[in-house]
Amino acid sequence: MKLLVTGGAGFIGANYVQHVLATYPDDEIVTFDLLTYAGNLANLEPVLDNPRHRFVRGDIADRAAVTAALGDGVDAIVNFAAESHVDRSIADAGVFLTTNVVGTQVLLDAARAHGVGRFLQVSTDEVYGSLGPTGAFSEETPLAPNSPYAASKAAADLLVRAAHHTHGVPALITRCSNNYGPYQFPEKLIPLFVTNALADQPLPLYGDGRQVRDWIHVEDHCRGVDLVLRQGRVGEVYNLGGGNERENLEVAKLILDTLGKPRSLIRHVSDRLGHDRRYAIDARKIERELGWTPRREFARGLDDTIEWYRAHRAWWEAVKSGAYRDYYERTYGQRLVGAAGVEGDRT
Ligand code: NAD
Ligand code: TYD
């Protein structure tokens, strides 16, 4: 299978690209990524020299660039590309609409024009809104997004649905809970708290810290996305969750205890605007239809993730300082000029 993976230089996309290349010896991947602040070519370091992988820098909202990247055709598009951080969407929603909404429609149009065999939209449980103390989101739960980020992802989901219904685009949607694992940008809760703790910096906990998220290891998410891509029923939505509900305060304490750092590093700060209280996923559909269940137990997965950040201090220090943004230029200049591995406009 030949895949176009958008957003493949980000956290989940990079894990997915590595997973597919390692799992399917005949698969080929074109990674298409704009390299925004969240995209980092270093996340793809293990596969940059792989002859079955090609990196193209480009914007999913740019029709010409998407058409060029599709070249003489791909079997499937997996769309991870997005603006993904709720706090940034609260500060400025504009780019969320361009990338998450317009970009998705551009990809759907391109998939239709090129007769792409499968289109998988990587969505989020946040499209369902917030839960009270009980219950869980199923695929039938009405969409009720609360943040501009969640609203832009819900809009994209509806465009995917419409493309399937109207034009017969062979599209599928996954909606997953909060991911953690290697290569996550340290603006999200777990990598922010781990890297701050490693640097003896305070952990800014929003509000009372009693909000609940359902944490899933990124490997389990990637396996689920891949299963839906290859075996899911076209036109369907599949929820994925870790079955791991934790309060943010508990996660903060676990991180500090694991690292042997004092709990006094926790700082309660003013709450996020419109902060969703609780997310929980009912993943019975994908379990029943495709036999998927999450495998990584949270305590162990968190330990491994903390260890990864401890062992990759240079990676996150470069990200936090902004120095990682030179990586593309350095990599492009020194290793890949003239090679087939990297294309695209550097501007
Ligand atoms: P991320 O922010 O780490 O990575 C996003 C990637 O998309 C980056 O590499 C960025 O450069 C790229 N990108 C952004 N705008 C682009 C554009 N216009 N054109 C091309 N590339 C662009 O995000 P992530 O956490 O890896 O999330 C990936 C996807 O999974 C997103 O669609 C997100 O909504 C979804 N998701 C994330 C989570 C989570 O917990 N992180 C949970 C469920 C679903
Ligand atoms: P985040 O990782 O941003 O994911 P999402 O908002 O998509 O669920 O946040 C996870 C939870 O952690 C959420 O309830 C907000 C909270 N949080 C903090 O308390 N402090 C922080 O600095 C961040 C980034 C998040």
Side-chain angles (χ1 to χ4, degrees), residues 5-16 31-41 43-44 56-62 65-66 69 78-90 95-96 98-100 102-104 106-107 121-127 130 146-147 149-150 152-153 156-157 174-181 183-193 196 202-216 218 221-222 225 239-242 246-249 251-252 266-272 274-279 281 319 328 344:
V5 178
T6 67
F11 162 47
I12 306 172
N15 277 282
Y16 181 73
T31 297
F32 183 82
D33 195 298
L34 186 56
L35 297 180
T36 67
Y37 80 93
N40 186 349
L41 212 50
N43 301 352
L44 290 168
V56 177
R57 188 177 191 180
D59 184 345
I60 59 166
D62 177 344
V66 168
V78 185
N79 181 27
F80 290 96
E83 287 293 331
S84 68
H85 193 40
V86 172
D87 292 319
R88 287 177 186 261
S89 79
I90 293 169
V95 70
F96 286 73
T98 313
T99 289
N100 300 2
V102 176
T104 300
V106 168
L107 290 174
Q121 174 70 4
V122 181
S123 186
T124 166
D125 61 354
E126 301 191 30
V127 298
S130 183
N146 289 321
S147 71
Y149 161 66
S152 69
K153 293 294 289 186
D157 284 11
T174 56
R175 296 188 180 133
C176 190
S177 59
N178 287 65
N179 285 220
Y180 69 96
Y183 302 110
Q184 188 167 27
F185 196 88
E187 65 183 353
K188 305 284 168 60
L189 181 80
I190 288 181
L192 178 73
F193 280 16
N196 279 14
L203 276 49
L205 193 65
Y206 296 161
D208 63 5
R210 300 280 181 190
Q211 300 80 14
V212 173
R213 296 294 182 264
D214 169 12
W215 294 99
I216 182 172
V218 65
H221 184 192
C222 289
V225 163
N239 283 353
L240 295 101
R246 308 282 160 155
E247 289 185 351
N248 295 336
L249 180 61
V251 174
I266 295 174
R267 293 295 143 77
H268 285 272
V269 299
S270 59
D271 209 352
R272 172 185 279 173
H275 198 167
D276 283 341
R277 195 69 182 167
R278 177 171 165 264
Y279 302 146
I281 282 276
V319 171
Y328 180 79

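In listed order, ligands and their atoms are each counted from 1. Predicted model only: the values in this text are computed from it and were never measured.
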For H221 and ligand 1, does the shortest N/O to N/O distance drop below 3.5 Å?
no
Which option wins on minimum heavy-atom distance to atom 2 (O) of ligand 1: A9, S84, S177?
S84
How does F185 reach ligand 1, if at all, at less than 4.0 Å between non-hydrogen atoms: by side chain, backbone, both, or neither?
neither
Sidechain-backbone polar pair: N100 side chain, T98 backbone, donor-acceptor under 3.5 Å:
no
Quick check against the 3.5 Å criterion: does R267 have a side-chain atom that pairs as donor or acceptor with the backbone of L203?
no
Looking at Y206 and D87, what are the two nearest heavy atoms and their distance?
OH-OD2, 2.8 Å
For R175, which part has a heavy atom under 4.0 Å from ligand 1: side chain, backbone, both, or neither?
neither
Please check this pair: side chain of N196 against backbone of P202, looking for a donor-acceptor N/O pair closer than 3.5 Å.
yes
Are any of the N/O atoms in F80 less than 3.5 Å from those in ligand 1?
yes
Could you tell me whether some N/O pair between F32 and ligand 1 is separated by less than 3.5 angstrom?
no
Geometric class of the Y16/F80 ring pair [parallel <30°, tilted 30-60°, perpendicular >60°]
tilted
Tell me the closest heavy-atom pair linking E83 and T99, and the distance in Å.
N-CG2, 3.9 Å
Which heavy atom of I90 sits nearest a heavy atom of R272, and at what distance?
CD1-CG, 3.6 Å
Measure across G242 and S177 and return the closest heavy-atom pair with its distance rounded to 0.1 Å.
N-OG, 3.6 Å
Looking only at protein heavy atoms, what sits closest to atom 19 (N) of ligand 1 is I60 N, 2.9 Å
Among protein heavy atoms, which lies nearest atom 30 (O) of ligand 1, and at what distance?
V122 CG1, 3.5 Å
Nearest non-hydrogen protein atom, atom 40 (O) of ligand 1
N179 N, 2.9 Å
N/O to N/O below 3.5 Å, does that happen between Y149 and ligand 1?
yes
Do any nitrogen or oxygen atoms of N40 come within less than 3.5 Å of a nitrogen or oxygen of ligand 1?
no
R175: which of D157, V122, I281 passes side-chain contact (heavy atoms from CB on, under 4.5 Å)
D157
Go through ligand 1 atom by atom and flag the ones less than 4.0 Å from a non-hydrogen atom of S123.
43 (C), 44 (C)
I12, any N or O under 3.5 Å of ligand 1 N or O:
yes
Can you tell me which residue and heavy atom of the protein come closest to atom 32 (O) of ligand 1, and the distance to 0.1 Å?
K153 NZ, 2.7 Å
Could you check atom 25 (O) of ligand 1 against the protein and tell me its nearest heavy-atom contact, residue, atom and distance included?
F11 CD2, 3.6 Å
Minimal heavy-atom distance between I60 and F32, with the atoms involved, is N-CE2, 3.7 Å
With heavy atoms and a 4.0 Å threshold, my read on which part of A61 contacts ligand 1 is neither
Nitrogen or oxygen of D33 less than 3.5 angstrom from that of ligand 1:
yes
Using 4.0 Å as the upper bound for N to carboxylate O, is an ion pair formed by D125 and K153?
no
Looking at OH of Y149 and OG of S84, how far apart are the two atoms once the value is rounded to the nearest 0.5 Å?
6.0 Å
In ligand 1, which numbered atoms sit nearer than 4.0 Å to a non-hydrogen atom of A81?
7 (O), 20 (C), 21 (N), 22 (C)
Within the protein, residues bringing a heavy atom under 4.0 Å of ligand 2, chain by chain
H85, V86, E126, N178, E187, K188, L189, L192, F193, P204, L205, Y206, Q211, R213, N248, R272, H275, Y279
Ranked by distance from atom 18 (N) of ligand 1, the top protein heavy atom is D59 OD1, 2.8 Å
Consider every N or O of T36 and every N or O of ligand 1, then say whether any pair is closer than 3.5 Å.
yes
Nearest heavy-atom neighbours spanning A150 and V127:
O-CG1, 3.9 Å
Show the atoms of ligand 1 that are less than 4.0 angstrom away from any heavy atom in G58.
19 (N), 20 (C)
What's the spacing between I216 CD1 and C176 SG if we round to 0.5 Å?
4.0 Å
Under the side chain to side chain contact (heavy atoms under 4.5 Å, CB included) rule, what do E187 and L192 come out as? Steps first, then yes or no, please.
CA-CA 5 Å; E187 65 183 353; L192 178 73; 5.9 Å; no
To the nearest 0.5 Å, what is the distance between CZ on R88 and OG on S147?
14.0 Å
Atom indices of ligand 1, in the order listed, that fall short of 4.0 Å to a heavy atom of G39
8 (C), 9 (O), 10 (C), 11 (O)
Side chain to side chain contact (heavy atoms under 4.5 Å, CB included) between V106 and D59: does it pass, once the steps are laid out?
CA-CA 10 Å; V106 168; D59 184 345; over 6 Å; no
Among non-hydrogen protein atoms, atom 4 (O) of ligand 1 lies closest to G10 CA, 3.4 Å
Hey, is the main chain of G8 close enough, under 3.5 Å, to the side chain of T31 for a donor-acceptor pair?
no
State the atoms of ligand 1, each with its element, that fall below the 4.0 Å cut-off from a heavy-atom position in N178.
40 (O)
Is any N or O atom of C176, backbone or side chain, closer than 3.5 Å to an N or O atom of ligand 1?
no
In Å and rounded to the nearest 0.5 Å, what is the CH2 to CG distance from W215 to N248?
7.0 Å
What residue and atom, counting heavy atoms only, is the protein's closest point to atom 5 (C) of ligand 1, and at what distance?
A82 O, 3.5 Å
For ligand 1, note which part of L35 has a heavy atom under 4.0 Å away: side chain, backbone, both or neither.
backbone
Could you establish whether A14 and ligand 1 come within less than 4.0 Å of each other, counting only heavy atoms on the residue side?
no
Find the distance between OG1 (T124) and OH (Y279) and round it off to the nearest 0.5 Å.
7.0 Å
